[in-house]
Amino acid sequence: MVYKLGEIKIMNNKTIHTADYDPLDALFASARQMQPNLMDDNFTKRLLNDLPSVTLVARKEIAKKGFSFDLIGAVIGLLMAYLFIDGASLKSSFLGLISDSVVISPMLIIAIIGAVGLSSAVAWWAVEDNRL
Amino acid sequence: MKRQDLTVLEEAQLVELAVSKNDQLAFAELVNRHQSNLRYSLRQLTDWNEALADDLAQDTFIQAFKELAKFRQQAKFSSWLYRIGYNVFLQHVRKKALDTKSLDEQPLLGNQLEQAPVHDDESEVHHKVAKLLATLDPERRSVLHLFLHRQNTQQEISDIMGIPLGTVKTHINRGRVVLQDGLQAWRD
C-alpha cells in the first residue's frame with residue numbers, strides 16, 4: 001500500500017487530506033502510516049547470544065531442587081547420628097573441652113575490633129561494588 | 001518445538017513456554033513480533049539515533065526475559081514491553097545526560113529543523129518527528145509519542161509509564177503546544 005505525504009488514514013480507515021487537520025496530528029499520522037517494518041537483520045541473533053542462560057524462574061527451580069537434596073541429606077545424617085553415636089559420652093567429652101575460665105587480654109580485644117572493622121569494610125565495599 | 005510451530009502460537013503461550021521451559025526460541029518469536037515497533041519507538045525517543053536505539057532495545061528485551069515470570073497475562077505484552085523500554089531509556093538518559101533541553105524554557109528556532117539531514121519523503125517524516133520530540137524532556141517525549149504515534153489512551157499511558165493520569169494530561173497539553181510551536185517555526 002502506498003501512502004502519499006499529505007494524506008492520512010484515521011481510525012475508520014478513511015483517507016483524508018492532512019490540510020483539513022491540525023498539522024501536528026497530520027505529521028504524526030503520516031509517520032504512523034509510513035512506519036517502516038524494521039528488518040530483523042542480526043538483532044534477534046545478537047540478543048539470543050546475550051540472553052542469560054536460564055530465566056529467573058528456572059534458576060529458582062534449580063535452587064529449590066538443590067535445597068531439597070540438602071534437606072534429605074541432613075535428615076539422613078541426623079538419623080544415623082542418633083542411631084550410631086552415644087549421646088551421653090559425646091556430651092561429656094564436649095563439655096570437657098570447655099575451660100572453666102577465659103582470660104581476655106587488651107591485645108585480644110584490639111585484634112577482635114580490628115577484624116570486625118576490616119570485615120565490615122570489605123562487606124560495604126562488596127555491596128557498593130555490586131550495586132554499581 | 002520447531003521455530004515454524006511457534007509462529008502460530010499466541011503470545012500468552014509463548015510467554016508460558018519461555019518461563020516454564022526456559023525456551024529461548026519461544027522468546028525469540030516474541031522478539032520477532034515486537035522488535036520493529038520497539039526499535040522504531042526508541043529511535044523516535046533518541047532523536048533517531050539508530051545504534052543507540054537498537055542497544056536500548058537489546059537491553060529492553062534482556063530485561064524482559066529476566067522478568068518474564070512477572071508478566072501478567074491480563075496486560076498487553078506490547079504495553080508491558082514498552083514500560084520496560086521506557087525505563088531503560090530513562091536510565092540511559094540519567095546516566096548519559098542526553099540532551100533534553102525543553103522548548104518550554106528555550107523556544108525552538110525554525111532553522112533547527114531545517115538543519116536536519118535531507119532524506120527521502122518517508123524517512124524525512126520520521127526524522128522530523130524525532131527532531132521535534134527531542135525538544136521535549138524524556139518523560140513528556142514518551143507521553144507524546146505514545147499518545148500521538150501509538151494512539152494509546154491517557155489511562156493506558158498512565159499505566160505503561162507508571163505516572164498519575166493528571167501528569168499525563170499535563171504532559172499532553174503542554175507538549176502539544178510546544179510541538180505545535182516548533183512545527184510552526186519550522187514551517188515559517
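Labels below follow one simple rule: chain letters A, B, ... track the order of the sequence lines, proteins then strands, and each chain is numbered from 1. What you see below is based on every heavy atom in this structure, not just the backbone, and it leaves out hydrogens, waters and symmetry mates.
Following chains of ILVMFWY side-chain contacts shorter than 4.5 Å, one can reach Val102(A) starting from Ile113(A), so the two form part of one hydrophobic cluster. Note on Leu79(A) and Val75(A): separate hydrophobic clusters, where clusters join Ile, Leu, Val, Met, Phe, Trp and Tyr whose side-chain heavy atoms are under 4.5 Å apart, directly or indirectly. Side-chain heavy atoms closer than 4.5 Å link hydrophobic residues (I, L, V, M, F, W, Y) into clusters, and following such links, even through other members, never connects Trp48(B) to Leu146(B). Transitive grouping of hydrophobic side chains (ILVMFWY, heavy atoms separated by less than 4.5 Å) keeps Leu108(A) and Ile110(A) in distinct clusters. Side-chain heavy atoms closer than 4.5 Å link hydrophobic residues (I, L, V, M, F, W, Y) into clusters, and following such links, even through other members, never connects Phe84(A) to Leu90(A).
Within the 3.5 Å criterion, the main-chain N or O of Arg32(A) finds no donor-acceptor partner in the side chain of His126(B).
Residue Leu133(B) touches chain A through its side chain alone, counting heavy-atom pairs closer than 4.5 Å.
A pairwise comparison of heavy atoms in Leu48(A) and Ala28(B) identifies CD1-CB, 3.9 Å as the closest pair. Contact detail for Ala31(A) and Val129(B): the closest heavy-atom pair is CB-CG2, 3.8 Å. Between Gln58(B) and Leu47(A), the closest heavy-atom pair is OE1-CA, 3.3 Å. Contact detail for Leu38(A) and Gln35(B): the closest heavy-atom pair is O-NE2, 3.0 Å. When all heavy atoms are compared, the tightest approach of Pro36(A) to Ser36(B) is O-OG, 3.6 Å.
Annotation: side chain of Tyr40(B) is not in contact with side chain of Asn37(A) (no heavy-atom distance under 4.5 Å).
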Could you walk me through whether Gln35(A) and His149(B) pass side-chain hydrogen bond (donor to acceptor under 3.5 Å, both in side chains), step by step? CA-CA 10 Å; Gln35(A) 184 184 322; His149(B) 187 88; 2.9 Å; yes

Begin with the C-alpha distance, continue with both residues' side-chain angles, and end with the deciding distance and a verdict on side-chain contact (heavy atoms from CB on, under 4.5 Å) for Leu179(B) and Phe28(A). CA-CA 11 Å; Leu179(B) 293 182; Phe28(A) 273 87; 4.2 Å; yes

Verify side-chain contact (heavy atoms from CB on, under 4.5 Å) between Arg46(A) and Asp54(B), making sure each step is shown before the conclusion. CA-CA 11 Å; Arg46(A) 189 157 65 97; Asp54(B) 280 6; 4.3 Å; yes

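Salt bridge annotation for Arg39(B)-Asp40(A): absent, with no cationic side-chain nitrogen under 4.0 angstrom from a carboxylate oxygen. Taking a cutoff of 4.0 Å between a charged side-chain nitrogen and a carboxylate oxygen, Arg176(B) and Asp22(A) qualify as a salt bridge.
Atom CD1 of Ile104(A) sits in a sparse spot, with 12 or fewer heavy atoms from other residues, nucleotides or ligands closer than 6.0 Å.
Of the inter-residue distances, the one linking Trp186(B) atom CH2 with Leu27(A) atom CG reads 7.5 Å to the nearest 0.5 angstrom. Distance check, rounded to the nearest 0.5 Å: CG of Asp50(A) to CD1 of Ile62(B) gives 4.5 Å.
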